[in-house]
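Each ligand, and each atom within it, is numbered from 1 in the order the structure gives. Because only heavy atoms are used, hydrogens play no part in the values below, and waters and symmetry mates are left out as well, while side chains stay in.
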Amino acid sequence: MIMEKIASLPEKVTKRATQRCIARACGEGYDLSERICVCPRCGGPLEVEIRVDRSIDPGALRGLWKSRAASEHPRDLSGVWRYRELLPFDDSVPIVTLFEGNTPLYDAPRCAEYSGLSQLRLKHQGCNPTGSFKDTGMTVAVTHALRVGARTAVCASTGNTSASLAAYSARAGLQCLILVPRGQITAAKLAQSMDYGAIVCEIGGNFDDCMRLVQDLGEEPSIYVANSINPFRIEGQKTVAFELMEQCGWRVPDHVVVPGGNLGNSTAFGKGFAEMLALGLVDRMPKLSVIQAEGSAPFARLFAGLKRSRSANEAAMPKELTPQGNPQTLATAIKIGAPVSWKKSLRAVVRSGGEVTAVSEQEIADAKAMIGRDGIGCEPASATTIAGIRKLVAAGHIRPNESVIAVLTGHLLKDPDYVSNYHRGTLSMPPDADGNRSGQAIAGAFRNVPEQAAASKSAVLELLRRRA
Ligand code: F0G
């Protein structure tokens, strides 16, 4: 009976997709073939609206998705396209995939104890083909870019978006231009983009300057903007919420916590959960919280202001976010002062009853080392989650027995210098033009310094005794 239902499901899932402006006063719709990133009518943010037949049986859809995990079909090997009933393209559209997604969900007992929780799980998006969560969005965006006949794909980046776009563009045979702030992204990330054949353009400015330039370039008809302002990126990234729920046996966690930079990831989680709720795949939303680095926290400041004025509700959304002029953090992935997707992200956080907060450089560094103690590596930006969870537990927003998922966004090898400096005790804020925080030392509270020993058995055994 179930098999019959599953077999007949694809025909029953009829869907229609439109690009729609989310501004309440506008709501204009556009065809999927339009290459736009903001509403041409009012300048508001766009999202892809998927209208799925609501009579769809959630159990059958879950069964179909699960059955694909054992399939060898290229569309099923991708942990994004496996959920294609809720993606904007049908099976006739050629996809650009590196078999992204399918990332592990780990138990992290040491992080749980460190955070004051009885249990904590880590969804490791760093286990994607280019080492970050960006791949889940890029497969859909680059598929769309080919569909609309783009010749060049462009992005501004703190390093991961660019590595991902470079790789997917190479697969697609698209010209790729990446704009990165000179001297502010890690060597590993830059190396990836060079290796994947992108035109790497180092800009004398910060990420926000690069982002402004990308928006200008996007006005050229042949240029395709692949930053998360592009709603097709969000479509791919939202599938991480579907995969997470499958891994949780469809039991909704109480909290999902993500780092916040340009705010596409939190937007995507919010959209994924909202769609699952509408289809009856889940019965409630987890509280979605976003963590920023203190030196790059315009969104956390906005949220704190809303809470003070008690207007953190959907009906009273602010019109503006005050950008941070000179953002600073060693978690370079999230060194962003003017996040483009703040409106969509704020809506998702407020709807879910989540929080936005900021953590210090020391808190990020120690949380990262604690994740390492669980045998799991990540880059600094990802560790804001554990630092933030610890803070939210202490503040009573997360209760010790609640179920919590932290989303790790990037691989440890994205920034090995940071890790090495932390353990050797040489990590500090770099000098900056304004002298703010310049040279501020970060203590390696959980240091693991390499030992020196002579090339003799007795010397090494002595070392083991000392460290026992
Ligand atoms: N974590 C990592 C490792 C990232 O690379 C980013 C963003 C974020 C978190 C924040 O996610 O922007 O969706 O809120 N990196 C972008 C880039 C900006 O260019 O690679 P977000």
For ligand 1, does Ile334 get within less than 4.0 Å through its side chain, its backbone, both, or neither, judged by non-hydrogen atoms? side chain
The salt bridge (charged side-chain N to carboxylate O under 4.0 Å, His left out) partners of Glu100 (sequence neighbours excluded) come to none
Heavy-atom donor-acceptor pair, Lys271 side chain to Val48 backbone, under 3.5 Å: yes
The criterion is side-chain contact (heavy atoms from CB on, under 4.5 Å); which residues satisfy it with Cys201, sequence neighbours excluded? Leu177, Leu179, Ile203
At a 4.0 Å threshold, what atoms of ligand 1 neighbour a non-hydrogen atom of Ser157? 17 (C), 19 (O), 20 (O)
Interfacing atoms of ligand 1 (cut-off 4.0 Å, heavy-atom, Gly260): 14 (O)
Ion pair present between Glu246 and Arg82, side-chain N to carboxylate O less than 4.0 angstrom? yes
In the protein, what heavy atom is nearest to atom 17 (C) of ligand 1, and what distance, to one decimal place, separates them? Thr161 OG1, 2.9 Å
For Gly264, the ligand 1 atoms with a heavy-atom partner under 4.0 Å come out as 13 (O), 14 (O), 21 (P)
Which residue owns the protein heavy atom closest to atom 1 (N) of ligand 1, what's the atom, and how far is it? Thr409 OG1, 2.7 Å
Looking only at protein heavy atoms, identify the closest one to atom 11 (O) of ligand 1 and say how far it is in Å. Phe133 CZ, 3.4 Å
Compute the minimum heavy-atom distance from Ser132 to ligand 1 and say whether it is under 4.0 Å. no
State whether the shortest distance between N or O atoms of Thr158 and N or O atoms of ligand 1 falls below 3.5 angstrom. yes
Below 4.0 Å, non-hydrogen atoms only: which portion of Glu379 touches ligand 1? Side chain, backbone, both or neither. side chain
Identify, for atom 7 (C) of ligand 1, the protein heavy atom at the shortest distance, and state residue, atom and that distance. Lys134 NZ, 2.9 Å
For Lys189 and ligand 1, does the shortest N/O to N/O distance drop below 3.5 Å? no
Count the heavy atoms belonging to other residues, nucleotides or ligands that lie under 6.0 Å from CZ of Arg151, then report whether that count exceeds 12. no
For Arg147, look at atom CZ and say whether over 12 heavy atoms of other residues, nucleotides or ligands are found less than 6.0 Å away. no
For Glu275, is there an ion pair with Lys238 - N to carboxylate O distance below 4.0 angstrom? yes
Suppose I only count heavy atoms of Ile336 and a 4.0 Å limit; which atoms of ligand 1 are within that range? 18 (C)
Test your reading of the model: is there a side-chain donor-acceptor pair from Ser115 to the backbone of Leu117, 3.5 Å cut-off? no
Decide whether an N or O pair under 3.5 Å exists between Gly261 and ligand 1. yes
Residue, atom and distance of the protein heavy atom nearest atom 13 (O) of ligand 1 read Asn265 N, 2.8 Å
Atom indices of ligand 1, in the order listed, that fall short of 4.0 Å to a heavy atom of Ala333: 2 (C), 3 (C), 4 (C), 5 (O), 6 (C), 7 (C), 15 (N), 18 (C)
Which one holds for Ala381 and ligand 1: side chain close, backbone close, both close, or neither close, with close meaning a heavy atom under 4.0 Å? side chain
Check contact between Thr267 and ligand 1, using heavy atoms of the residue and a distance below 4.0 angstrom. no
Between the side chains of Lys189 and Glu379, is the shortest nitrogen-to-carboxylate-oxygen separation below 4.0 Å, so that they form an ion pair? yes
In a check of side chain to side chain donor-acceptor pair (under 3.5 Å) between Asp254 and each of Lys287, Arg399, Arg284, which one passes? Arg284
Starting from atom 21 (P) of ligand 1, what is the nearest protein heavy atom, named by residue and atom, and what distance separates them? Leu263 N, 3.4 Å
So, Tyr224 and Asn230: side-chain donor and acceptor under 3.5 Å apart, yes or no? yes
Give the residue, atom name and distance (to 0.1 Å) of the protein heavy atom nearest atom 12 (O) of ligand 1. Asn262 N, 2.7 Å
The single option from Asn128, Thr130, Thr103 that satisfies side chain to side chain donor-acceptor pair (under 3.5 Å) with Asp135 is Thr130
Is the backbone of Ala293 close enough, under 3.5 Å, to the side chain of Ser296 for a donor and an acceptor to pair up by distance? no
Tell me, which protein residue and heavy-atom name are nearest atom 5 (O) of ligand 1, and how many Å apart are they? Asn160 ND2, 2.8 Å
